[in-house]
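Worth saying up front: this structure is predicted, and the values here are computed from it rather than measured. So you know, we letter chains A, B, ... as the sequences are listed, proteins then strands, and number each from 1. Only heavy atoms go into these numbers, but all of them, side chains included; no hydrogens, no water, no symmetry mates.
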Amino acid sequence: MNFLFSGTHHMDTTAYTPHAIEEKWQKYWDDTKTFKVGEDTGKEKYYLLEMFPYPSGRIHMGHVRNYTIGDVVARYKMMRGYNVLHPMGWDAFGMPAENAAISNKTHPAAWTYANIDAMKQQLKRLGFSYDWDRELATCSPDYYKWEQQLFIKMWEKGLAYRRKSLVNWCDSCQTVLANEQVEGGQCWRCKSQVQQKELEQWFFRITQYADELLDSLEKLTGWPERVVAMQRNWIGRSYGSEIDFPIENTDRKITVFTTRPDTLFGATFMSIAPENPLAISLSKDTPQAAAVKAFIEKTLKQDKIVRCSDDLEKEGVFTGSHCINPVTGYRMPVYIANFVLMEYGTGAVMAVPAHDQRDFDFAKKYGLEIKVVIEPEGQTLDPAAMTAAYVEAGIMANSGRFDGTANEAAKAAITDALAEKNIGKKAINYRLKDWGISRQRYWGTPIPMIYCDACGTVPVPEKDLPVLLPENVSLEVLGRSPLSDVPEFVNVACPACGKPARRETDTMDTFVESSWYFARYTCSDFDKGMLDTKRVNYWMPVDQYIGGIEHAVLHLLYSRFYTKVLRDFGLVNVDEPFVNLLTQGMVCMETYRCEKCGWLFPEEAENGACKKCGGAAQVGRVEKMSKSCKNVVDPELLIGKYGADTARLFCLFAAPPELDLAWSDKGVEGSFRFLQRVWRIAVEHMDVISHSASCPAGFLPDADVKALRRKTHQTIRKVSEDIDKRFHFNTAISAVMELLNHLYQFDLKDNGDPARAFAFKEAVQAVVVLLAPMVPHMCEELWSLLGGRGNIMHTPWPDFDPEIAREDEVEIVIQVNGKLRGKIITGAGATEENVRQQALACEQVAPWVNGKEIKKVIVVPGKLVSIVVK
RNA sequence: GCCUGGGUGGCGGAAUUGGUAGACGCAAGGGACUUAAAAUCCCUCGGUCGCAAGGCUGUACGAGUUCGAUUCUCGUCCCAGGCACCA
């Protein structure tokens with residue numbers, strides 16, 4: 001460690017005043033642009049990114065935690081000599097702005113920009129090391145212009161397309177929702193029931209990338225396993241076959257997807273989804289027409305929750321038509337069944353009651369034939385005696401030339417046989433659907449398309465981009481895009497033929513903006529195109545991305561997709577946007593409940609009584625901080641009371657980043673106390689520290705000095721490892737606390753001993769530098785008070801000296817038959833034989849060993865001796 | 001049902017490669033300083049038996065592997081998250 005200290009300072013007993021110190025350094029960092037970065041090929045780059053916030057107007061504790069974690073990593077990497085890109089911006093489009101506009105009569109833009117200003121001040125007050133020159137807001141035309149340009153490119157390549165489709169419709173939000181925004185049949189935002197509605201919608205063909213999105217998950221070794229698992233689950237690839245079933249007395253056919261082609265000979269009926277157009281056409285002109293119509297109406301009226309619930313009765317109705325099993329010729333009645341989903345596969349399922357439980361139940365209910373085609377080895381199954389479907393592996397039966405083979409082998413064999421006759425083929429099916437991006441809302445990126453009666457769908461010419469959002473729009477229209485009520489926006493001359501045409505009035509899903517903001521940060525001022533190749537390729541990929549687990553599927557999957565699209569357009573040269581991902585836990589807080597009044601604010605529940613009704617108030621579960629649970633702690637109040645450094649320290653110390661953090665007011669006070677302890681020991685000994693030379697000549701350390709120096713260097717090693725390898729700031733901080741405790745016990749002998757003074761100084765300086773990424777304001781201040789040279793952020797991270805850190809005496813534990821019986825102290829270099837002798841001679845173990853036969857002695861160098869006796 | 005994670009003192013958590021379980025902090029108790037309080041500094045702090053030395057016990061539960069298991073294997077229970085009539 002080499003500290004460069006000089007100059008003299010007066011002894012100063014100034015108290016720790018976080019606000020003055022923090023504001024001073026925040027201004028300094030701002031004025032000197034400490035965190036501005038550019039491309040520097042002489043240094044290794046490190047791109048650190050935290051998920052950008054929606055500008056709601058105020059930051060919450062989740063932001064404080066997320067951004068503090070990121071800031072520590074960024075500052076640590078800076079001190080390690082990396083060229084660190086650490087940007088911040090605003091996910092600024094979205095519905096709350098519109099809702100606020102309606103209730104407050106403000107314009108969404110004015111509301112949004114005012115919120116951005118307010119939140120930016122709050123983030124600055126926390127002292128985060130952002131390069132604010134790269135700040136971007138997705139609602140700015142400078143940003144969404146490029147998104148429109150890429151949309152047109154995607155349309156040209158068929159990656160963006162328009163089709164009529166049933167969409168998830170939220171009546172309360174008056175908009176369509178992506179599948180990912182529907183949670184258990186409810187709107188993710190307002191929790192109201194989601195309905196189905198047919199609309200013309202724009203889609204991104206994400207399914208074209210399904211295989212790559214799935215397969216390259218393997219490469220994401222820096223991602224948490226569970227996020228990878230969630231994405232794999234979401235994409236949901238399954239291998240199987242597509243098989244055609246001719247419809248009797250027509251030249252049409254029903255195509256099904258199945259993962260069990262081996263059961264084809266046992267298919268005795270067909271189940272189709274109520275939404276399947278075949279349902280109506282097959283029952284037309286049959287006696288079943290009325291019954292079918294009634295069944296479809298009944299089923300579609302059922303809300304999705306009920307329809308998807310586990311215990312829903314399996315029901316169906318015969319369409320009046322049959323199709324033909326292509327291998328057995330069996331006349332299969334075609335049923336409409338309420339459990340068949342139009343969204344998955346082809347909306348039709350070949351039913352094999354003997355080998356699928358749902359089909360079995362259905363067949364029993366409607367008296368349909370059950371035909372066994374797979375049997376356990378050496379057994380026969382009697383359909384009449386079966387009480388459940390046989391779904392295990394087995395031997396083929398009643399399946400013509402496939403009889404006697406293993407069913408797993410028959411899957412491919414039957415599919416191949418079908419393929420030869422051109423009535424079937426191997427197929428892969430995905431749960432993942434194309435990404436519907438149309439939103440019938442105002443505050444989003446306009447979709448840059450024009451509809452002309454003569455020319456059809458025409459993109460807005462590049463020179464006319466961006467398609468700006470018009471300003472004077474009534475937001476209170478319902479059920480259609482507010483833009484459709486703005487004639488001067490809608491009416492436009494066709495770019496191709498010049499005749500009157502109409503603009504698309506939907507806007508894009510806001511997840512589109514957040515799918516590429518990380519790339520735009522590298523060149524947010526670039527005005528010649530979406531991305532500046534040189535800069536984006538210098539910085540990308542993001543080395544470390546940090547954010548909430550709630551984005552495990554939506555945002556992270558879309559961003560991966562978009563990155564691959566950008567790559568295929570030659571705009572970036574990476575396959576994956578985020579090398580390492582850290583999903584931090586939620587910030588939680590104790591709750592209070594009253595049986596009558598529900599959730600209570602803590603101050604309403606003092607002394608176990610509800611202040612509202614006088615009833616009993618109970619301490620509830622620890623829940624995620626939320627307005628509805630009335631358990632939020634406002635970061636601003638926290639900073640007001642203790643300062644930003646304490647807020648940061650507590651967020652880091654209370655739990656490792658990936659775990660939920662239980663907020664504790666007492667714990668915050670503890671963090672504040674620790675900072676005061678650091679402050680006090682440094683300031684009270686400022687003379688010693690700033691006057692003490694580097695290692696004094698003729699340096700002869702006594703045991704105390706050696707012990708302190710050892711602790712100092714061990715702490716440097718521990719903190720470096722904890723931050724570098726694991727992001728375990730809690731244990732890093734506890735190591736510094738140990739060093740500080742050691743310092744408080746250390747006897748300076750009235751400063752008369754230069755060796756002691758030096759060891760003391762070295763330890764205090766280590767505390768200040770090691771804490772700098774976590775509590776930067778206090779450390780900058782102490783660094784300058786103690787005469788440190790320059791800015792602490794430009795001070796190299798200290799190296800530890802392995803010689804000094806090494807213990808020269810080791811405590812060895814002695815076990816007898818696995819139980820701890822004694823301890824001995826040995827020199828660090830003691831030989832195995834020597835340790836063994838000492839252990840066997842140890843007084844404490846004698847009673848356990850004497851008179852017994854020693855079977856075995858195991859010596860683990862530096863750790864323990866294990867004696868086995870009989 | 002399937003896929004992930006988890007389960008350690010009064011509490012948050014630590015134990016990094018199978019090697020002293022409970023670092024560090026909070027809370028609690030005790031002491032010093034003070035006329036007193038606050039603040040500060042120091043000490044104790046899993047359970048249990050014991051005056052003590054020390055013993056026994058203990059990481060959800062039950063087995064197993066091992067000289068040795070919070071850590072590895074198998075089974076069970078519970079909690080959280082994700083997916084789910086997926087053909």
Side-chain angles (χ1 to χ4, degrees), chain A residues 183-184 224-234 236 238 240 256-260 263 267 271 273 307-314 337-341 343-352 356-359 361-362 429-431 549-550 552-553 583 586 588 590 622 649-650 653-656 658-671 673-674 676-677 680 718 721-722 725-726 728 730-738 740-741 744-745 811-823 844 847 855-869:
Chain A
E183 295 168 346
E225 189 103 358
R226 61 177 175 149
V227 175
V228 172
M230 280 187 212
Q231 293 218 350
R232 189 177 291 127
N233 228 329
W234 190 265
S238 62
V256 303
F257 172 78
T258 179
T259 55
R260 296 295 305 274
T263 63
S271 307
R307 214 183 137 197
C308 293
S309 70
D310 266 347
D311 35 80
L312 177 76
E313 172 88 22
K314 306 218 175 346
N338 61 352
F339 60 85
V340 178
L341 305 173
E343 308 88 75
Y344 188 78
T346 60
V349 186
M350 70 174 200
V352 186
D356 179 281
Q357 192 56 42
R358 276 164 306 161
D359 296 344
D361 296 341
F362 199 85
N429 203 36
Y430 302 91
R431 215 191 70 96
I549 186 73
E550 65 272 20
V553 178
T583 49
M586 297 179 300
C588 299
E590 202 167 57
V622 174
L649 185 74
F650 179 74
F653 181 62
E658 63 275 11
L659 256 56
D660 285 351
L661 182 154
W663 195 264
S664 147
D665 292 340
K666 292 285 188 188
V668 175
E669 276 174 37
S671 295
R673 260 199 306 267
F674 168 68
Q676 287 177 302
R677 259 164 84 80
R680 218 179 300 126
K718 168 84 177 148
E721 266 179 24
D722 283 350
K725 290 189 190 152
R726 313 197 299 167
H728 278 202
N730 55 333
T731 51
I733 292 164
S734 79
V736 178
M737 286 174 169
E738 284 185 52
L740 192 70
N741 290 343
Y744 267 83
Q745 308 275 322
E811 191 184 55
I812 302 280
V813 177
I814 307 164
Q815 294 180 352
V816 179
N817 285 353
K819 285 203 194 322
L820 182 70
R821 296 301 181 194
K823 291 174 184 178
Q844 294 158 298
K855 306 276 286 183
K856 204 174 180 184
V857 179
I858 297 147
V859 180
V860 181
K863 291 265 170 154
L864 59 71
V865 177
S866 185
I867 304 168
V868 188
V869 298

Rounded to whole Å, please give me the gap between CG in A/Asn741 and C1' in B/A23. 11 Å
Partner set under side-chain contact (heavy atoms from CB on, under 4.5 Å) for A/Lys863, not counting sequence neighbours: A/Val860
In whole Å, what separates the C1' atom of B/A69 from that of B/U59? 11 Å
Atom CD of A/Glu225 with >12 non-hydrogen neighbours under 6.0 angstrom: no
Would you measure the distance from the C1' atom in B/C45 across to the matching atom in B/A23 and give it in whole Å? 15 Å
Ignoring hydrogens and angles, state whether a donor on the side chain of A/Gln357 or A/Asp361 is under 3.5 Å from an acceptor on the partner side chain. yes
Taking the same atom, C1', in B/G6 and in B/U57, what whole-Å distance lies between them? 25 Å
Nearest 0.5 Å, what's the CD1-CG distance between A/Ile814 and A/Leu864? 9.5 Å
Chi-based syn or anti call at B/G13, which uses purine or pyrimidine torsion atoms and a 90° bound: anti
Given B/C86, is OP1 or OP2 found less than 4.0 Å from the side-chain N or O atoms of A/Arg358? yes
Expressed in whole Å, how much space separates the C1' atoms belonging to B/A14 and B/A21? 10 Å
Once you round it to whole Å, what is the distance between C1' of B/C86 and CG of A/Asp356? 11 Å
Name the nucleic acid region contacted by A/Tyr744, choosing base, sugar-phosphate or nothing; use a 4.0 angstrom heavy-atom cut-off, strictly under. sugar-phosphate
Give the nucleotide from the list B/C24, B/C41, B/G5 with an atom nearest to the side chain of A/Glu225. B/G5
Below the 4.0 Å mark, does B/C83 have OP1 or OP2 next to a side-chain nitrogen or oxygen of A/Arg232? no
For the OG1 atom of A/Thr346 and the CG atom of A/Leu341, what is their distance to the nearest 0.5 Å? 11.5 Å
Choose from B/C42, B/A87, B/C83 the nucleotide whose nearest atom is closest to any side-chain atom of A/Arg677. B/C42
Select base, sugar-phosphate, or nothing to describe what A/Thr259 touches, counting heavy atoms under 4.0 Å on all strands. sugar-phosphate
d(CG, A/Leu341; P, B/C85) in whole Å: 6 Å
So how far is it from A/Phe339 CZ to A/Phe362 CZ, rounded to the nearest 0.5 Å? 5.5 Å
Sort me out a list of protein N/O and nucleotides 10-15 of chain B N/O pairs below 3.5 Å, or just none if empty.
unit_1: B/G12; atom_1: O2'; unit_2: A/Ala654; atom_2: O; d: 2.6
unit_1: B/G13; atom_1: O3'; unit_2: A/Asn730; atom_2: ND2; d: 3.4
unit_1: B/A14; atom_1: OP1; unit_2: A/Asn730; atom_2: ND2; d: 3.3
unit_1: B/A15; atom_1: OP1; unit_2: A/Arg726; atom_2: NH1; d: 3.0
unit_1: B/A15; atom_1: OP1; unit_2: A/Arg726; atom_2: NH2; d: 2.8

Would you mind telling me which of B/G82, B/C24, B/A87 lies closest to the side-chain atoms of A/Glu738? B/C24
Between protein and nucleotides 47-67 of chain B, map the contacts as a letter string: B base, S sugar-phosphate only, - none, heavy atoms under 4.0 Å, written 5' to 3'. --------SSS---------B
If you go through the side-chain atoms of A/Lys823, does one of them form a donor-acceptor pair with the base of B/U20 closer than 3.5 Å? yes
Taking atom P in both B/U16 and B/C11, compute the distance separating them and give it to the nearest angstrom. 22 Å
What closest approach, in Å, do A/Asp356 and A/Asp359 show between heavy atoms, and which atom pair accounts for it? OD1-N, 3.0 Å
Looking at every strand, decide which applies to A/Gly670 at a 4.0 Å heavy-atom threshold: base, sugar-phosphate, or nothing. sugar-phosphate
Same-atom distance (P) from B/G19 to B/A87, integer angstrom: 43 Å
Considering only heavy side-chain atoms of A/Glu811, the closest of B/G19, B/A87, B/U20 is B/U20
